[in-house]
Number of protein chains: 2
Amino acid sequence: MRNLFYLFFILINVQALGVERLVKTDSELKEAINMAKPGDEIVLANGVWNNTEILFSAEGTEKKPIVLRAQENGKVFIEKQSNLRISGQYLIVKGLVFRNGFSPTSELISFKKDAKNLAYNCRLTEVVIDNFNGPERYSPEAWVVLYGKNNRVDHCQFIDKRNQGVTLTVRLNSPESVENKHLIDHNYFGFRQNLGSNGGETLRIGTSHYSMMNSQTIVEFNYFDRCDGEHEIISNKSNQNTYRYNTFFECQGTLTMRHGNETLVEGNTFLGNGKAFTGGIRIINESQTVINNYCEGLTGNRFRGALTIMNGVPNSPLNRYVPVKNSVASNNTFVNCSYIELCAGSDAERSQAPQSTTVENNLFYQSQKAQQFGLYDDISGISFKNNLVNQKGKMPTESGFKLTSVKAERDANGLLYLTNNPDNVGAKLEGKVTTREITGVSWYPKEKDSKAFGIGKVHDVPAGLNTLSDAVAKSKPGDILNLTGGAYQQTKLVVINHTLSIISSKKSEITYENAVLFTIENGGSLLLKGLTMDGRSSLDSPLNSVISTSKYSMNQNYRLFIEDCEFKNLDVNHSFNVLKVAASTFADTISVKNSLFKNVTGSVLLLDRELDDIGIYNAETVIIENSVFEDVEGSALSMYRGGSDESTTAGFLEINHCQFKNVGHGTKNPVNSSINLWGIQNTEIKNSLFVDAKPIKIKLIVGEPSSVVHDICLVNTGKIQVEGEGFSSQNIYESASSCVNGDDGKPLGIIK
Amino acid sequence: MRNLFYLFFILINVQALGVERLVKTDSELKEAINMAKPGDEIVLANGVWNNTEILFSAEGTEKKPIVLRAQENGKVFIEKQSNLRISGQYLIVKGLVFRNGFSPTSELISFKKDAKNLAYNCRLTEVVIDNFNGPERYSPEAWVVLYGKNNRVDHCQFIDKRNQGVTLTVRLNSPESVENKHLIDHNYFGFRQNLGSNGGETLRIGTSHYSMMNSQTIVEFNYFDRCDGEHEIISNKSNQNTYRYNTFFECQGTLTMRHGNETLVEGNTFLGNGKAFTGGIRIINESQTVINNYCEGLTGNRFRGALTIMNGVPNSPLNRYVPVKNSVASNNTFVNCSYIELCAGSDAERSQAPQSTTVENNLFYQSQKAQQFGLYDDISGISFKNNLVNQKGKMPTESGFKLTSVKAERDANGLLYLTNNPDNVGAKLEGKVTTREITGVSWYPKEKDSKAFGIGKVHDVPAGLNTLSDAVAKSKPGDILNLTGGAYQQTKLVVINHTLSIISSKKSEITYENAVLFTIENGGSLLLKGLTMDGRSSLDSPLNSVISTSKYSMNQNYRLFIEDCEFKNLDVNHSFNVLKVAASTFADTISVKNSLFKNVTGSVLLLDRELDDIGIYNAETVIIENSVFEDVEGSALSMYRGGSDESTTAGFLEINHCQFKNVGHGTKNPVNSSINLWGIQNTEIKNSLFVDAKPIKIKLIVGEPSSVVHDICLVNTGKIQVEGEGFSSQNIYESASSCVNGDDGKPLGIIK
């Protein structure tokens with residue numbers, strides 16, 4: 001019967017060049033691939049394909065490619081432990097959706113069968129990969145890996161890559177993959193969260209080892225939407241590649257010419273919209289050409305400047321920084337971009353300034369203050385010509401910049417251009433601005449659900465035994481649980497699996513019998529407001545905590561907000577912490593405001609679980625305001641980021657108007673300090689009061705950290721202990737009587 | 001219809017004192033409990049009850065208890081997230097089996113509803129708990145917790161407790177639970193694996209905080225079968241308890257009078273069968289009576305002696321060691337027991353020797369060598385009278401021991417007694433020796449499946465792509481995979497879920513593309529023999545390894561045996577390790593023999609992941625023999641056990657006839673040594689050769705560690721660095737020319 005059906009199918013498809021085979025099972029698929037001849041089409045039946053590992057190994061011809069496609073676009077789902085290998089010639093894969101699973105191998109879609117059998121003249125088109133991630137945050141997985149030559153990836157849609165590993169990469173690790181002339185176009189690279197580690201690139205071409213090979217890949221008309229994985233949105237690591245007409249929308253990173261020469265970066269659009277850490281183009285190596293690009297609203301500095309030209313290492317090894325030479329940045333437009341960084345990264349190792357490099361005909365347009373240029377070394381090797389600025393300020397050279405009052409308007413694409421431009425400065429991008437709509441596929445959504453707090457329903461939760469965990473179990477993402485006052489007793493863990501607010505305006509006190517009260521599992525985020533958490537009934541064992549993350553890897557970043565809360569009697573046994581996180585978890589934001597922590601035998605915020613010293617850390621932004629830490633045996637805060645990696649921001653901390661009294665003196669306090677910061681790159685501690693506390697300890701490691709402590713009073717508290725470069729302080733008082741108000745005129749410590 | 005059925009059921013049960021209600025759902029159960037009157041029986045229908053949390057809160061009477069029972073014994077299974085609370089009076093729970101799940105609370109069966117509503121005169125009988133463990137090894141969970149008074153737990157069967165937390169415990173944390181007179185009898189306490197941490201007690205009565213309260217619990221006729229959780233099989237922590245007629249079969253620990261006075265330990269049988277670390281009775285505190293107990297074949301020393309009388313702390317706080325006083329150990333029999341320990345634990349803190357204590361009428365029978373007594377302090381406070389020894393040796397006092405040649409025979413229970421005993425020494429246990437058969441239930445097996453290597457089938461595995469992982473996925477526990485030679489390429493993880501041997505007698509080389517080749521998951525154990533593992537194709541990222549444990553908690557101990565293997569080219573990136581374990585995993589044994597490790601950028605055995613300093617560690621026994629470590633940038637071995645806990649053995653290490661050449665010099669070697677041992681209690685390193693290696697580092701912390709290094713040659717290698725007490729060394733040579741043979745007459749280093 002089935003054979004008859006096939007026969008019928010073949011008969012009605014005589015108009016096709018080849019045979020069209022509809023397959024419904026893995027074995028039918030395998031058989032169809034084995035039988036495939038030039039011109040054939042293999043059609044995956046609509047539905048869900050679980051645990052399907054496809055080896056599409058076949059030989060088509062230029063005129064008669066072999067096609068592997070979905071029966072209907074967007075109706076074929078590859079799920080669970082699945083992957084795809086493409087090997088041979090003139091093969092086309094089209095219309096599949098990868099979701100609800102992850103690859104059993106480290107490459108999801110690989111343009112090779114094995115090291116010897118690669119893909120040539122093959123095409124991946126209209127394929128969607130949506131959150132196809134393994135559970136392990138730091139187990140590297142790549143979604144698409146190109147080997148061979150003349151392959152094309154187009155109109156694909158890559159959304160929500162969560163764990164380590166590049167989204168799409170071109171390899172040059174054998175002679176067969178060099179001068180490959182791949183084309184990567186019209187793809188939608190969707191949201192990629194901050195990985196908090198190296199390995200979060202969205203697109204990489206080459207590796208340092210093969211970076212002196214020619215790749216000749218063209219990357220054009222792609223849309224990069226909030227690709228925030230790490231500093232390098234794109235990491236160019238080979239010669240002779242072209243990046244043109246791509247749009248980078250609110251991406252926290254840059255198009256980085258990390259290795260390799262003769263790159264052409266032309267006609268791209270970078271839109272930051274003032275979002276933090278958004279960057280543009282970073283130049284390293286030789287003979288790079290950066291022309292006609294448009295950058296607006298980019299806020300990043302250092303390695304994330306709107307334009308960054310780096311210092312290099314003399315006789316650099318392949319994996320370090322080849323000095324910039326014979327390069328050009330011309331006819332680019334920078335509108336309201338915060339930083340242009342020249343000779344960036346200058347240090348003892350990166351001592352070679354750029355040479356024979358030209359910066360000309362660029363437009364630096366600012367609505368208000370002057371364009372800011374960071375000069376970190378000798379810029380005499382950069383020739384500045386005919387650049388235009390519209391606000392008066394300090395320029396790198398007198399002669400290379402013209403101050404002109406200009407008039408600007410927005411064009412049909414929303415980009416700013418000068419209405420009168422006799423010097424012909426800046427970018428012209430008519431018809432070359434890539435929009436979201438022309439990328440990816442039309443039949444699959446580009447947006448993901450919102451994860452904001454407070455967008456769901458409000459549910460009242462009465463006091464009682466396990467009423468809270470019951471309510472949490474029934475809640476939906478974004479809901480608000482309103483505790484109506486009284487004693488809430490938990491004998492069960494309260495497991496937070498999605499975004500949830502737990503609030504109270506009445507007196508609501510939570511006690512619990514386990515070692516932990518709240519666990520934030522993967523996908524969860526928690527806001528606590530107006531609650532009292534009392535540890536007195538908790539398990540009599542060491543290492544309790546009030547809140548913990550999953551003990552397992554979390555591949556989704558979480559947020560924790562604590563406001564108007566009280567934590568007390570965390571002292572049934574030693575080392576009782578408020579927040580204890582696990583390795584391989586990452587908080588976008590931890591915010592503590594107007595809260596009290598009292599009688600704690602452990603630490604309050606323990607964000608120091610990444611001890612492998614490879615640049616990974618536990619939290620991006622930590623904000624602590626107007627809060628009291630009293631009788632805390634461990635530290636109020638311990639943050640750790642080891643290693644010398646420079647591909648992340650390495651953490652932000654702000655402490656303002658806090659009070660630390662008798663903090664850090666416990667014999668089991670491993671960091672022997674009230675606040676311990678190791679390798680955290682950006683910190684400000686201010687307007688705070690320390691009484692009978694252990695000292696603040698700060699260790700600064702790599703790059704250009706900025707660590708500032710000011711307007712604090714240290715009463716019977718040791719001096720701040722600092723190791724490394726990048727620290728500054730002022731207005732440090734050492735007795736209660738000498739303290740004056742803070743930098744905002746308000747008293748030090750908490751403000752009622 | 002259902003109501004009619006009930007009615008019918010009630011009618012045909014008029015002969016019962018009360019009503020018998022068969023319930024089939026959680027809500028029917030709840031309703032039946034609510035309706036229950038004295039004399040009623042609530043009958044759980046045969047089958048599996050998933051996610052069932054039973055609150056059995058009711059009021060029976062002495063003559064008319066309320067019964068909650070299985071429809072048929074052994075046919076009612078409580079599974080998944082389930083638990084049981086008993087609250088009220090005269091309630092009986094009978095015939096349930098808890099398996100395939102774990103409690104959502106930290107107490108599985110709790111004799112209370114909440115802190116105010118406890119259980120009185122209630123009984124738990126013929127209930128089975130089999131491997132009802134949460135996945136987190138170190139999240140404390142207790143199986144049965146007694147509150148209230150006059151409760152009984154009898155004929156229950158507790159098998160395979162895997163994670164932290166006592167199996168059965170009596171709490172005295174409120175006045176209602178003091179002088180409770182509970183009875184714990186005829187239970188079968190089955191296999192409990194070595195936890196590798198404090199918190200592995202099988203039975204505990206009281207806590208240090210309430211240890212001066214009277215409990216008056218009787219524990220009798222129970223069978224403890226291989227309860228190896230930690231040093232304390234039973235931890236007595238309150239006054240006036242009785243332990244009598246229990247059998248302890250091959251248990252690695254002791255019946256410990258840890259706190260509390262006036263304990264009676266009478267008529268118990270301890271059978272060690274020569275198994276390592278088996279112990280007997282340990283006396284601490286005052287007015288303890290140890291009479292008529294029988295101990296045979298116990299090998300333990302220190303805190304695990306057959307009889308241990310400890311030193312105490314003057315004016316001891318509740319949670320330390322109250323000095324022994326007014327205690328008696330009389331008429332006990334010790335047959336072929338290795339150690340009797342007197343004044344054990346004597347140190348600066350435990351400086352008070354026992355006082356007014358009598359040791360009399362005991363029989364110390366040895367087949368061959370003399371009974372060994374450990375004397376650690378002044379024993380003048382112990383009065384020895386009329387004890388009998390049958391082998392000549394050094395006794396604690398001259399007068400208290402009589403050397404007599406005796407004749408002994410075995411009685412019906414297999415226990416040895418003297419055929420002629422005019423002085424009336426030793427134990428008499430006629431009719432009081434508890435056998436397995438009279439404990440627990442008859443309708444549920446007491447044994448678990450064997451986990452031995454090599455008991456399954458042999459399967460040949462051909463070379464090729466992922467042939468190994470395919471064969472592993474199809475294998476059964478105990479199978480042997482025989483690699484038939486050639487190149488085995490893995491693009492997939494090889495996941496070890498059960499006991500498996502992978503061997504080859506031909507040349508079989510395994511390469512892999514991931515960051516890890518083998519992962520030992522929970523329940524897995526791995527034996528590798530005759531294989532070459534080559535890291536050259538593995539992922540180009542730091543922290544690769546050849547073998548790793550689960551990244552998650554493992555609640556089952558694992559074993560790893562490596563024999564005749566070669567590991568090479570582990571250098572694609574930095575910090576490439578051979579074995580990398582995760583926290584919350586525990587190896588019973590790791591054994592490496594006749595193997596070669598060459599070109600490794602990380603460490604070979606990294607067993608140092610438990611950094612919380614609470615006495616947890618990663619491996620019990622590590623044996624390394626006749627193996628070569630060459631060009632290893634990290635350490636050959638790093639083992640760590642922090643904290644000052646004394647409830648475990650804290651690890652065993654033996655290194656014999658090994659060769660370390662150019663080991664430990666990597667800049668990223670965190671321990672800066674070739675072998676790093678921190679807090680490991682029992683180590684011997686001998687007959688080995690170190691050339692151009694970083695030094696051995698040893699840190700000794702707590703208790704009475706024994707760390708011996710002898711017959712080794714350190715060529716161009718730093719001196720051994722030791723911190724702490726308990727180290728000894730001899731025959732350490734410092735140049736190749738001065739090296740002589742080892743303690744076995746063979747050359748140092750590997751022996752062909």
Side-chain angles (χ1 to χ4, degrees), chain A residues 53 81 83 85 103-107 110 113-115 135-136 138-141 164-165 173 198-199 207-209 465-466 469 489-493 495 511-516 537-543 550-553 573-575 582-584 609 611-615 642-643 645 668 670, chain B residues 53 55 81 83 85 103-107 110 113-115 135-136 138-142 164-165 173 198-199 207-209 465-466 469 489-493 495 512-516 537-543 550-553 574-575 582-584 609 611-615 642-643 645 668 670:
Chain A
E53 296 187 55
Q81 301 267 299
N83 61 15
R85 282 176 292 164
S103 176
T105 53
S106 57
E107 299 180 354
S110 182
K113 177 185 168 190
D114 52 35
E136 288 300 327
Y138 298 118
S139 284
E141 295 165 10
Q164 195 164 42
N173 58 339
N198 195 350
T207 56
S208 59
H209 194 77
L465 184 68
N466 293 325
S469 53
Q489 299 157 43
Q490 282 296 139
T491 61
K492 296 187 189 175
L493 260 181
V495 180
T511 57
Y512 59 106
E513 287 191 8
N514 288 312
V516 178
S537 314
S538 66
L539 204 71
D540 184 7
S541 66
L543 294 168
S550 171
K551 294 190 179 186
Y552 300 164
S553 169
N573 204 313
H574 73 82
S575 308
S584 295
R609 298 287 110 178
L611 299 172
D612 279 327
D613 287 351
I614 51 172
D645 176 74
K668 288 180 189 290
Chain B
E53 297 187 56
L55 171 57
Q81 301 266 299
N83 61 16
R85 283 176 291 164
S103 176
T105 53
S106 57
E107 299 180 354
S110 182
K113 177 186 168 191
D114 52 35
E136 288 299 328
Y138 298 118
S139 284
E141 295 166 10
Q164 194 164 43
N173 59 340
N198 194 349
T207 56
S208 59
H209 194 77
L465 184 67
N466 293 325
S469 53
Q489 299 156 42
Q490 281 297 140
T491 61
K492 296 187 188 174
L493 260 180
V495 180
Y512 58 107
E513 287 191 7
N514 289 311
V516 177
S537 313
S538 66
L539 203 72
D540 183 8
S541 67
L543 294 168
S550 171
K551 293 191 179 185
Y552 301 163
S553 169
H574 72 83
S575 308
S584 295
R609 297 287 110 177
L611 300 172
D612 279 328
D613 287 351
I614 50 173
D645 177 73
K668 288 181 189 287

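Just the heavy atoms: all of them, side chains too, but no hydrogens, waters or symmetry mates, feed the values below. Here the structure is a predicted model, which is why all the values come from computation and not from measurement. Every chain is numbered from 1, with letters handed out A, B, ... down the list of sequences.
- Listed for the A/N466 side chain is a donor-acceptor partner under 3.5 Å among the backbone atoms of A/T491.
- Looking at B/R85, its side chain does come within 3.5 Å of a backbone N or O of B/K113 through a donor-acceptor pair.
- In this structure, chain A has heavy atoms under 4.5 Å from both the backbone and the side chain of B/K492.
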Under the criterion side-chain contact (heavy atoms from CB on, under 4.5 Å), I'd like the reasoning laid out for A/N198 against A/I614: C-alpha separation, chi angles, the key distance, then a yes or no. CA-CA 8 Å; A/N198 195 350; A/I614 51 172; over 6 Å; no

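- Comparing B/S106, B/S553, B/S537 by heavy-atom pairs within less than 4.5 Å of chain A, the highest count is held by B/S106.
- For a residue to count as touching a neighbouring chain, one of its non-hydrogen atoms must lie under 4.5 Å from one of that chain's; by this rule B/Q164 does not touch chain A.
- Neither the backbone nor the side chain of A/Q81 has a heavy atom closer than 4.5 Å to any heavy atom of chain B.
- Side-chain polar atoms of B/S584 and A/K551 form no donor-acceptor pair below 3.5 angstrom.
- Considering only heavy-atom pairs separated by less than 4.5 Å from chain B, the leading option among A/N514, A/D613, A/L543 is A/L543.
- In summary, the side chains of A/Q490 and A/S469 do present a donor paired with an acceptor at a separation below 3.5 Å, with no hydrogens or angles considered.
- Within the 4.5 angstrom heavy-atom criterion, no atom of A/H209 approaches chain B.
- Neither side chain, A/S110 nor A/N83, offers a donor N or O lying under 3.5 Å from an acceptor on the other.
- Among B/S541, B/P140, B/A515, the residue making the largest number of heavy-atom pairs under 4.5 Å with chain A is B/P140.
- Proximity to chain A (any heavy atom under 4.5 Å) is restricted, for B/P542, to the side chain, taken from C-beta onward.
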